[in-house]
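One structure below.
All residue numbers in this chain count up from 1 along the given sequence.
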Amino acid sequence: MSEIKTKGSAGTEDPGEEKDWAEAKAFFDNLKTHKPRPPKPQYAVTVAVSSRTLFDMVAERKIYEDQGLEKYVAYQRDHEDEPLKPGPAFPFVKALMTVNNRLRLLYPESEELFDIVLMTNNHAQVGVRLINSINHYDLTIERFCMTGGKSPTGYLKAYMTNLYLSKDSDKVSEAIEEGIAAATMFMAVKENELSDSQLRVAFDGDAVLFSDESEIIVKEHGLDTFFEHEKEFENKPLAQGPLKCFLEALGKLQRKFYAKDERMNCPIRTFLVTARSAASSGARVLKTLRSWGLEIDEALFLAGAPKGPLLQKIKPHIFFDDQMFHIEGAQELGTISAHVPYGVGQKYHKGKLIVPPKKE
């Protein structure tokens with residue numbers, strides 16, 4: 001999985017690259033603008049969002065599917081002065097910007113910030129409408145990657161991406177296979193009022209923060225064997241899952257607030273929302289996080305109970321889970337959710353093995 005980007009983590013830096021960045025910084029510093037300059041990627045926590053997660057483009061997508069690419073591009077060009085409506089990732093992006101504002105007040109010169117990149121396979125002709133929509137909502141998104149019909153996932157590593165959000169599950173799976181934290185986003189069925197002063201992120205445990213090692217035992221041998229296994233290996237940390245690195249990146253920024261005595265007023269709050277039971281299998285999870293040097297603000301063990309009602313109280317800007325029935329339950333109660341297509345859980349739905357239709 002991808003690592004947190006810190007100074008020197010990628011090895012010896014290219015002196016030519018450093019010179020280019022120094023010249024670019026000097027250029028921008030001499031310009032008079034109220035727009036904050038994007039942080040250097042190796043210091044930033046980079047979140048790449050697709051255009052269909054940032055904005056609601058259901059109607060435009062239907063034009064593409066029914067009438068083809070040329071009609072789609074023409075429609076976007078004809079409506080380029082009409083802002084697109086917010087999509088599922090929009091509140092999350094706004095919350096990232098809120099955290100950046102707080103970080104800039106505490107650390108004016110720091111480049112350890114969220115950097116939001118628009119990563120889309122749209123054609124450049126559609127770019128004007130996307131730019132106009134971003135400016136309409138006053139979003140701080142300066143870096144674009146528009147690949148003209150090609151999959152953008154090949155560019156994720158070049159952008160040093162910490163998290164990739166898309167509506168396309170195939171692209172998300174490609175990113176995860178490349179070791180990049182990624183998830184497929186879904187709009188909530190109804191709206192919940194979300195915090196405008198704190199980023200709230202909820203994670204499932206197995207096959208999201210952790211590997212699917214324990215999930216495999218549940219599916220293949222049942223709960224009793226799972227409980228015995230977890231007790232036996234309580235002091236052995238679980239292997240990392242696809243989103244461990246993103247929790248790590250969030251923790252890195254949280255510690256910047258703690259260093260300024262802002263722990264109780266931190267604009268980032270993280271939640272572990274797991275179907276595990278605390279007494280039977282919770283200790284290994286908490287000891288794993290401890291061994292990684294990571295904190296989670298709230299750990300909620302549900303012992304198999306539905307997650308939707310609890311998430312309705314938490315009101316996260318995004319909830320990550322590897323199983324679609326948890327995603328669907330969360331959506332129904334107003335939680336913006338993101339599916340992580342990873343691990344053995346993809347072969348099951350509501351605990352039952354998915355049997356593919358026989359080929360004729």
Side-chain angles (χ1 to χ4, degrees), residues 4-7 34-40 43-47 49 86 88-116 137-141 162-163 165 181 188 191-205 208-209 243-274 285-286 288-290 292-301 307 309-320 330 334-338:
I4 293 183
K5 294 163 303 202
T6 56
K7 186 172 182 180
H34 295 294
K35 286 269 187 182
R37 182 174 53 82
K40 188 174 180 180
Y43 299 116
V45 175
T46 302
V47 177
V49 296
F90 188 92
F92 177 62
V93 167
K94 292 284 286 185
L96 299 181
M97 291 170 53
T98 296
V99 176
N100 277 356
N101 291 337
R102 289 280 306 278
L103 282 167
R104 286 190 172 104
L105 288 174
L106 293 175
Y107 301 93
E109 300 302 318
S110 176
E111 293 190 289
E112 291 183 320
L113 304 161
F114 288 110
D115 187 19
I116 306 149
Y137 294 109
D138 196 26
L139 302 179
T140 308
I141 302 177
N162 289 91
L163 176 68
L165 300 173
E191 285 189 23
N192 270 340
E193 186 176 344
L194 303 177
S195 173
D196 59 3
S197 61
Q198 184 180 64
L199 168 67
R200 300 169 76 84
V201 183
F203 299 89
D204 178 34
V208 175
L209 291 179
L243 263 72
K244 179 251 188 178
C245 53
F246 184 59
L247 176 62
E248 200 168 12
L250 292 176
K252 168 189 168 184
L253 295 185
Q254 282 181 308
R255 287 191 293 274
K256 292 177 71 67
F257 290 98
Y258 302 165
K260 295 287 188 177
D261 200 24
E262 291 280 328
R263 179 181 285 270
M264 300 305 295
N265 194 31
C266 181
I268 303 172
R269 192 161 186 84
T270 56
F271 303 79
L272 173 67
V273 183
T274 174
V285 163
L286 298 178
T288 296
L289 290 171
R290 185 191 301 164
W292 291 344
L294 295 180
E295 295 183 36
I296 200 89
D297 292 304
E298 298 188 29
L300 308 166
F301 295 88
K307 297 181 180 181
L310 197 67
L311 290 164
Q312 191 177 25
K313 299 295 183 183
I314 293 172
K315 297 182 180 179
H317 292 90
I318 192 167
F319 163 59
F320 297 100
T335 296
I336 300 169
S337 303

Mark yes or no for whether [X], through its side chain, and [Y], through its backbone, hold a donor-acceptor pair below 3.5 Å.
X	Y	answer
Arg269	Gln198	no
Thr270	Val201	no
Asp115	Thr46	no
Gln254	Cys266	no
Thr335	Ser337	no

Taking atom [atom1] of [X] and atom [atom2] of [Y], what is their separation to the nearest 0.5 Å?
X	Y	atom1	atom2	answer
Leu311	Lys313	CG	NZ	12.0 Å
Phe301	Leu286	CZ	CG	4.0 Å
Leu272	Leu300	CG	CG	7.0 Å
Ile336	Lys315	CD1	NZ	12.5 Å
Glu295	Arg255	CD	CZ	8.0 Å
Leu139	Ile116	CG	CD1	7.5 Å

Contact check, side chains of [X] and [Y], non-hydrogen atoms, under 4.5 Å:
X	Y	result
Thr288	Leu209	no
Phe114	Asn162	no
Leu289	Leu247	yes
Leu199	Thr98	no
Leu163	Phe92	yes
Leu194	Arg200	no
Lys256	Leu103	yes
Asp204	Lys307	yes

If you take all heavy atoms of [X] and [Y], which pair is closest and at what distance?
X	Y	value
Pro91	His317	O-CD2, 3.6 Å
Ala89	Val49	CB-CG1, 4.4 Å
Pro267	Ser197	CB-O, 3.7 Å
Leu106	Glu262	CD1-CG, 4.3 Å
Glu111	Pro39	O-CB, 3.3 Å
Asn192	Gly334	ND2-O, 3.4 Å

Can you tell me how the ring of Phe320 sits relative to the ring of Phe203, calling it parallel under 30°, perpendicular over 60° and tilted otherwise?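 Rings of Phe320 and Phe203: parallel, under 30°.
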Do Lys260 and Tyr107 form a cation-pi contact, if we require the NZ or CZ to be under 6.0 Å from the six-membered ring centre and within 45 degrees of the ring's axis?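 Yes, a cation-pi geometry holds between Lys260 and Tyr107.
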Give me the one residue out of Leu113, Leu105, Leu253 that meets side chain to side chain contact (heavy atoms under 4.5 Å, CB included) with Asn100.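 Option passing the side chain to side chain contact (heavy atoms under 4.5 Å, CB included) with Asn100: Leu113.
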